[in-house]
There are 2 protein chains.
Amino acid sequence: MFSKATEYALRATIYIAQKSSITHKLSLAEIAAAIDSPPSFTAKILQLLTKDNCVINSVRGPNGGFYITEKSKLLPLKNILEAVNENDLFDKCILGLKKCSETKPCPLHFQYKPIKQELIHLFQTNTIQEISEKADNEYLFINNSI
Amino acid sequence: MFSKATEYALRATIYIAQKSSITHKLSLAEIAAAIDSPPSFTAKILQLLTKDNCVINSVRGPNGGFYITEKSKLLPLKNILEAVNENDLFDKCILGLKKCSETKPCPLHFQYKPIKQELIHLFQTNTIQEISEKADNEYLFINNSI
DNA sequence: ATAATTAAAGGTAATTTTGTCCTTAATTAT
DNA sequence: ATAATTAAGGACAAAATTACCTTTAATTAT
Ligand code: FES
Ligand code: FES
């Protein structure tokens, strides 16, 4: 479904939303450990999420790290996909045609369309905050711990 | 969603089901041209589909090529995914956890589950024949022609 | 039998994705 | 000021995917 980069981006953002605040920033090492991702690769992805502070924020130096603002927590998950450039999933044809279109549909288009709509809905309506709180309250998992 | 290999496999099989018969086999060149795919790569994928004649059949030599039996046309699209080893999509966690599980669900599991079920249903209930006839009758597209 | 045709099979190459490492810049604590 | 800490940024490396090419095997037509 998603690339590794996107999976790490989603898990990392959920973790940051669970654990960070402006006064308690999280280090790359902590985040990567918490979500079972390769630290160096995760660093690249966090950079994308930090770009223009569009999803998360960061500060360098001692006691620095990554955090998310209350305002950013209200963003839908879709913004995470946009930040890692995987937003186009929802425009793609399931059979790989260059354009998914109503006027030149593939043989699965009209059956796939409602499913795609539900996927879009899932990522557009759920905010980072909602999902991270749910994960917190219901003990849901964002790593492969035993 | 799918890999290129899977996209080509689906489009190729639909085309073969539309145009071939035991008396009229299709060459690799014709198939690749018809579905806008790289011929050499497509050859590898057709080999997978031909393995054990599980989805399509082939014969070498003059007037040889690829075709599909009436019996194989009754197989669901899911068999194509299995042939190219992309069947595991439907077991995967949307956040990339090693296992998608009810007992250790990720924060999106219960919202993603019904969508995944619809995807599975789509590929399990539609047969190759149904989709290829639909494509034929309704002039649906399996290439990027203008 | 021979030549022509076509897929099978294997190796190789290009590209993309994933992952690592090292240096630099920013910030903080001393 | 200096040293320590942490992310940013760039170069590099490994792995997977995608794509190509050449040889071989099978089949058919002559
Ligand atoms: S054209 Fe294939 S999914 Fe829309
Ligand atoms: S555990 Fe993530 S989708 Fe099921």
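Quick note on labels: first sequence line is chain A, next is B, and so on, each numbered from 1. Quick caveat: nothing in here was measured; it's all calculated off a predicted structure.
With salt bridges taken as basic N to acidic carboxylate O contacts below 4.0 Å, none links A:E130 and A:K134. For B:E102 and B:K113, the salt-bridge test passes: some basic side-chain N is under 4.0 Å from an acidic carboxylate O.
Here C:dT15 sits opposite D:dA16 as a Watson-Crick or G-U wobble pair (both hydrogen-bonding atom distances under 3.5 Å). Base pairing analysis places C:dT20 opposite D:dA11; the two distances defining the Watson-Crick or G-U wobble pair are each below 3.5 Å. Look at C:dA4: its Watson-Crick or wobble partner, with both distances under 3.5 angstrom, is D:dT27.
Between A:F66 atom CZ and D:dT5 atom P the separation is 18 Å, expressed in whole Å. Spacing between atom OH of A:Y67 and atom P of D:dT6 amounts to 16 Å, rounded to whole angstrom units. At whole-Å resolution of the value, CG in A:D88 and P in C:dT16 are 14 Å apart. The separation between B:N63 atom CG and C:dT5 atom C1' is 9 Å, rounded to whole Å. Note: NZ (B:K4) to P (D:dA19) measures 7 Å, nearest angstrom. Counting to the nearest Å, the P atom of D:dA19 and the CG atom of B:L46 are 14 Å from each other. The distance from atom CZ of A:F2 to atom P of C:dT16 is 22 Å, rounded to the nearest whole Å. The CZ atom of A:R60 sits 17 Å away from the P atom of C:dA29 (whole-angstrom rounding).
A donor-acceptor pair is defined here as one N or O able to donate and one able to accept, closer than 3.5 Å; no such pair exists between the side chain of A:N126 and the backbone of A:I131. The backbone N or O of B:F2 lies less than 3.5 Å from no partner atom in the side chain of B:T6, so there is not a single donor-acceptor pair. At distances below 3.5 Å, not a single donor-acceptor pair connects side-chain atoms of B:S72 with backbone N or O atoms of B:T69. No donor-acceptor distance shorter than 3.5 angstrom exists from the side chain of A:R11 to the backbone of A:N143, with no hydrogens or angles considered.
Side-chain nitrogen and oxygen atoms of A:T50 include none within less than 4.0 Å of the OP1 or OP2 phosphate oxygen of D:dA7. Distances shorter than 4.0 Å separate none of the side-chain N or O atoms of B:Q47 from OP1 or OP2 on C:dA7.
Between B:F90 and B:F123, the ring-plane angle classifies as tilted under the 30° and 60° cut-offs.
Contacts between residues 22-45 of chain A and DNA chain D, defined by a heavy-atom separation below 4.0 Å, involve A:L26, A:S27, A:L28, A:K44, listed by number.
For B:P62, the side-chain atoms get nearest to D:dT28 when compared with the rest of D:dT28, D:dA8, D:dA4. Out of D:dA19, D:dG9, C:dA25, the shortest distance to the side chain of B:Y8 is found at D:dA19.
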